[in-house]
Amino acid sequence: MSVRTRVAPSPTGDPHVGTAYVALFNRVFARSQGGQFILRVEDTDRQRSSSASEAAIMDALRWVGLDWDEGPDIGGTFGPYRQSERLGIYRDHADELVASGGAFYCFCSKERLDELRRRQQANRETPRYDGHCRNLDPGESRDRVLAGETHVVRLDVPASGTCGFSDGIRGAIEIPWQQVDMQILVKSDGFPTYHLAAVVDDHLMAITHILRGEEWLSSMPKHRLIYDRFGWSVPAHYHLPLLRNADGSKVSKRRNPTGLNYYRRIGYLPEALRNYLALMGWSMPDEREIFDTEEMTAAFDIDRLTTGGPVFDLAKLDWLNGQCIRSLSPDEFMDRVADWAINRENLAAVAPLVQQRTERLVDLLPQVDYLLGDRPVLDASDFTALRLDADDCVRVLDHVGRRLDEQDEWDRDALQGAIRSLADAVGLPMRDFLAPLFVAVTGRKVALPLFDSMAYLGRDMVRARLHSALSALGGVSKKAAKHLERAYADLEVDQA
RNA sequence: GUCCCCUUCGUCUAGUGGCCUAGGACUCCGGGUUUUCAUCCCGGCAACAGGGGUUCGAGUCCCCUAGGGGACGCCA
């Protein structure tokens, strides 16, 4: 049987380095075995999924050089590859599970569930569904569902004993069933949750090896149960260590640039990024550290995966990237530079702004350098001439960051609207409110229009610049951050 | 809080009982090449979390402790 692996991102945000990391190992492993690597889009969260995000993720993955053999855009024999197009499949499987007693209908209200959770937490128990609807008469439950009553489908979980399973990296693991919740498999909107959809799809798509993040380790018992209930064989599982921030926590956008587009914009080469990611939890048998993905594939040994969570630290990536750039031929180097930013497509975004401000073509460069460069180097004095004091600058930058994280659309007008409503809520005139933001984003007192600049720079870069401006202002302590978070939550921002 | 996972230089790692007075890489520091800078070269600092076992012998196996992380959502 041919080895088949997959990466299954959820299109709910910007392309993430973690996705590229997992995709790399899945792809390399599949290729090393002569198998296939599949892209599956897990868009079962109706509220948060967007086709824009899906497109951005596919684009970014292709940029890193991690393309797929089957996927929503190119099809394949196991399609469709977008979970929202497979709803009937999940429904049928859920029905089968209910019919065989492996799952049950649940009619509990959100209120009851909240209350239950509160009580369990107060008693220092692991929050877990209490089985209320599990004891309902199956016939009666079916009638209620048929009558159109709102319901979910829950997985029936053994009351005692332990679930044993094996992880390819860590070996045998046992988790008591008591710790496992009666997971919702089908939500009240009829969409499946990850647990049902992933297992069903992995089986139907003939996935043989699942390499995924360690965060899934504790839901393994649920997945095991579903495989067993269907009588399916369980694919080999390898839980990859989680990429970490410098403080050891799971890598997050607040502390690190986690967006692939940041790396793309800054001028990291895809091959350098792949090389770096390959070093996170894996090593070449001969300990070589500079290698391309073909060499990695040729030498790949899945048993060389390690267990500790590697810190995603950019110093080594920078060095690796330098090595890659210097090893390019002069022609290749020129091509890369042209592809990077000084190309027609990028120029198209700024040219209209710049043209009006240009008398001689040389004037162009100083006008756009801050758009092309990394974060501007700032210190506290850059903010002193403003009408707001340092504390207010911090407040503005912090709140803008939070507001922007909630912002889906990323064009000039949308950004302007979002920030105007924020300024109104804070009660500051736009003029004053914008000043620190202008400095943070552009690094200057004079630059191209702010919202155009932000639109061009993109979410990841703007976030990075806000973050570094905050550091320049002395940083935000944990306590201050909490305070700011509360202050922000208390604001009544007009969401229009 | 409960459960699970993890723990070698600051960071990424090698190490699968003797080849380890623990090796490599990045960072940092020092020196050299370069009329500058960068590259490049040479050198240096720096770790087996702690405690018990098992063994002739433990970074490597077992146990305990500590620390870190993850999960505990009608998110994935």
Side-chain angles (χ1 to χ4, degrees), chain A residues 8-13 16 18-19 40-49 83 106-110 113-114 117 120-129 150-154 162-163 165 167 169-181 183-198 212-222 239-251 275-290 303-323 325-327:
Chain A
S10 184
T12 55
H16 196 277
T19 306
R40 184 173 71 223
V41 173
E42 310 225 317
D43 55 347
T44 55
D45 185 334
R46 265 173 145 166
Q47 278 74 43
R48 296 197 304 153
S49 296
Q83 291 187 326
C106 171
F107 306 91
C108 291
S109 68
K110 183 133 182 55
L113 263 17
D114 286 346
R117 190 170 303 127
Q120 289 170 326
Q121 274 166 349
N123 290 342
R124 298 179 169 178
E125 295 164 29
T126 300
R128 185 173 189 262
Y129 183 66
T150 303
H151 66 279
V152 301
V153 175
R154 279 184 191 275
T162 62
C163 174
F165 59 92
D167 175 81
I169 302 179
R170 290 150 229 275
I173 294 170
E174 287 198 338
I175 295 178
W177 283 119
Q178 290 210 333
Q179 289 294 322
V180 182
D181 199 8
Q183 181 65 45
I184 291 181
L185 300 178
V186 179
K187 306 179 236 185
S188 56
D189 65 1
F191 276 56
T193 56
Y194 171 85
H195 305 281
L196 208 222
R212 65 190 347 176
E214 193 186 345
E215 74 252 45
W216 295 110
L217 197 56
S218 44
S219 24
M220 224 9 244
K222 295 168 185 171
H239 289 92
L240 266 18
L242 257 22
L243 264 21
R244 310 290 184 90
N245 297 311
D247 68 357
S249 57
K250 173 163 96 165
V251 78
N275 191 160
Y276 178 66
L277 255 13
L279 259 16
M280 305 272 88
W282 193 78
S283 60
M284 276 287 211
D286 64 2
E287 291 194 58
R288 221 175 346 149
E289 297 201 289
I290 299 181
D303 291 329
R304 293 186 66 81
L305 248 6
T306 60
T307 46
V311 171
F312 192 77
D313 171 30
L314 277 359
K316 197 154 183 173
L317 173 59
D318 287 344
W319 171 77
L320 228 29
N321 203 57
Q323 296 290 323
I325 285 182
R326 285 178 215 115
S327 71

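Note that these values count all heavy atoms, side chains included, but never hydrogens, waters or copies made by symmetry. Note that the structure is predicted; figures quoted are calculated from it, not measured. Chain identifiers are assigned alphabetically (A, B, ...) following the order of the sequence lines, protein sequences preceding nucleic acid strands; residue numbering begins at 1 within each chain.
- In this structure, A:D43 atom CG and B:C75 atom P are separated by 14 Å, rounded to whole Å.
- Here B:C74 presents its P atom at 7 Å from CG of A:L113, a figure rounded to the nearest Å.
- Between the base of B:C74 and the side chain of A:S188 there is a donor-acceptor pair shorter than 3.5 Å.
- In this structure, of B:C12, B:C40, B:A76, it is B:C40 that holds the atom nearest to the side chain of A:R326.
- Phosphate contact (OP1/OP2 of B:A71, side-chain N/O of A:K250, threshold under 4.0 Å): present.
- If you take CD of A:E214 and P of B:U7, they are 10 Å apart, rounded to a whole angstrom.
- Between A:T44 and B:A76 there is a side-chain polar atom (N or O) within less than 4.0 angstrom of OP1 or OP2.
- In this structure, A:Y194 places its OH atom 10 Å from P of B:A76, rounding to the nearest Å.
- When the C1' atom of B:C6 is taken as reference, atom CG of A:L243 falls 15 Å away, rounded to whole Å.
- Checking side-chain atoms of A:R128 against main-chain N and O of A:V180 turns up a donor-acceptor pair under 3.5 Å.
- Comparing B:G10 with B:C72, their P atoms are spaced 33 Å from each other, to the whole Å.
- With B:C4, B:C26, B:U13 as the choices, the nucleotide that has an atom nearest any side-chain atom of A:W319 turns out to be B:C26.
- Across all strands shown, B:U2 pairs with B:A71; the Watson-Crick or G-U wobble distances both stay below 3.5 Å.
- Across all strands shown, A:E174 has heavy atoms under 4.0 Å from sugar-phosphate atoms exclusively, and none from any base.
- Distances shorter than 4.0 Å separate some side-chain N or O of A:R304 from OP1 or OP2 on B:G15.
- With B:C3, B:C12, B:C74 as the candidates, the nucleotide lying closest to the side chain of A:R117 is B:C74.
- Here B:G44 sits opposite B:C28 as a Watson-Crick or G-U wobble pair (both hydrogen-bonding atom distances under 3.5 Å).
- Side-chain N/O atoms of A:S249 include none lying less than 4.0 angstrom from OP1 or OP2 on B:G69.
- The separation between A:R170 atom CZ and B:U16 atom P is 21 Å, rounded to whole Å.
- In this structure, B:C9 makes no Watson-Crick or G-U wobble pair, since no nucleotide meets both defining distances under 3.5 angstrom.
- Looking at every heavy atom in both residues, A:V186 comes nearest to A:I184 through O-CG2, 3.3 Å.
- Comparing atom distances between the A:A315 side chain and each of B:U13, B:G70, B:C26 picks out B:C26 as nearest.
- A:E289 comes within 4.0 angstrom of a nucleotide base, judged by non-hydrogen atoms across all strands.
- For the pair A:W216 CH2 and B:C4 C1', the computed distance is 16 Å after rounding to whole Å.
- When the nucleotides B:A25, B:C74, B:U13 are ranked by their closest atom to the side chain of A:V152, B:C74 comes out on top.
- The nucleotide whose nearest atom lies closest to any side-chain atom of A:L242 is, among B:C12, B:G70, B:U2, B:G70.
- A distance of about 47 Å separates the P atoms of B:C41 and B:A66, rounded to the whole Å.
- Across the interface with RNA chain B, nearest-nucleotide mapping of A:T193 and A:P127 shows A:P127 to be the residue nearer the 5′ end.
- Look at the P atom in both B:C5 and B:U39: the space between them is 45 Å, to the nearest Å.
- Side-chain N/O atoms of A:K187 include none lying less than 4.0 angstrom from OP1 or OP2 on B:G73.
- Neither OP1 nor OP2 of B:C28 sits under 4.0 Å from any side-chain N or O of A:K316.
- At most 12 heavy atoms of other shown residues, nucleotides or ligands fall within 6.0 angstrom of atom CD in A:Q178.
- Rounded to a whole angstrom, the distance from the P atom of B:C29 to that of B:U8 is 26 Å.
- Across all strands shown, A:G281 has heavy atoms under 4.0 Å from sugar-phosphate atoms exclusively, and none from any base.
- Side-chain proximity of A:I173 to B:C5, B:U13, B:A25: nearest is B:C5.
- Listed candidates were B:C74, B:C3, B:U11. Nearest to the side chain of A:P176 is B:C3.
- Separating the C1' atom of B:G23 from that of B:G30 is a span of 23 Å, rounded to the nearest Å.
- On the C1' atoms, B:G59 is 8 Å away from B:G15, given to the nearest whole Å.
- Here A:C163 lies out of heavy-atom contact (under 4.0 Å) with every strand.
- B:U33 and B:C26 have their C1' atoms separated by 23 Å, given to the nearest Å.
- When heavy atoms are screened at a 4.0 angstrom cut-off, A:T306 is found touching the sugar-phosphate backbone but no base atom.
- Taking the six-membered ring for Trp and thresholds of 30 and 60 degrees, A:F107 and A:H151 have ring planes inclined between 30 and 60 degrees apart.
- Proximity of A:R244 to the phosphate of B:G69: no side-chain N or O atom is located under 4.0 Å from OP1 or OP2.
- What you find for A:T44 and A:S49 is that their closest heavy atoms are N-OG, 4.3 Å.
- Nucleotides B:U13 and B:C9 are separated by 11 Å at their C1' atoms, to the nearest Å.
- Each of B:U7, B:A25, B:C4 was ranked by its minimum atom distance to the side chain of A:T307; first place goes to B:U7.
- Rounded to an integer number of Å, the gap from CD of A:Q323 to C1' of B:C40 is 10 Å.
- Nucleotide B:A38 forms no Watson-Crick or G-U wobble pair with any nucleotide shown, as no partner meets the under 3.5 Å limit on both distances.
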Before you tell me yes or no, could you show the steps for A:M220 and A:I173 under side-chain contact (heavy atoms from CB on, under 4.5 Å), namely the whole-Å CA-CA distance, both residues' side-chain angles and the distance that decides it to 0.1 Å? CA-CA 10 Å; A:M220 224 9 244; A:I173 294 170; over 6 Å; no

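- For A:D286 and A:R288, the salt-bridge test passes: some basic side-chain N is under 4.0 Å from an acidic carboxylate O.
- Taking each heavy atom of A:N275 and A:E289 in turn, the nearest pair found is ND2-O, 3.0 Å.
- Nucleic acid contact class of A:M280 (heavy atoms, under 4.0 Å, all strands): sugar-phosphate only.
- Without hydrogens or angle criteria, A:R40 side chain to A:Q83 main chain gives no donor-acceptor distance under 3.5 Å.
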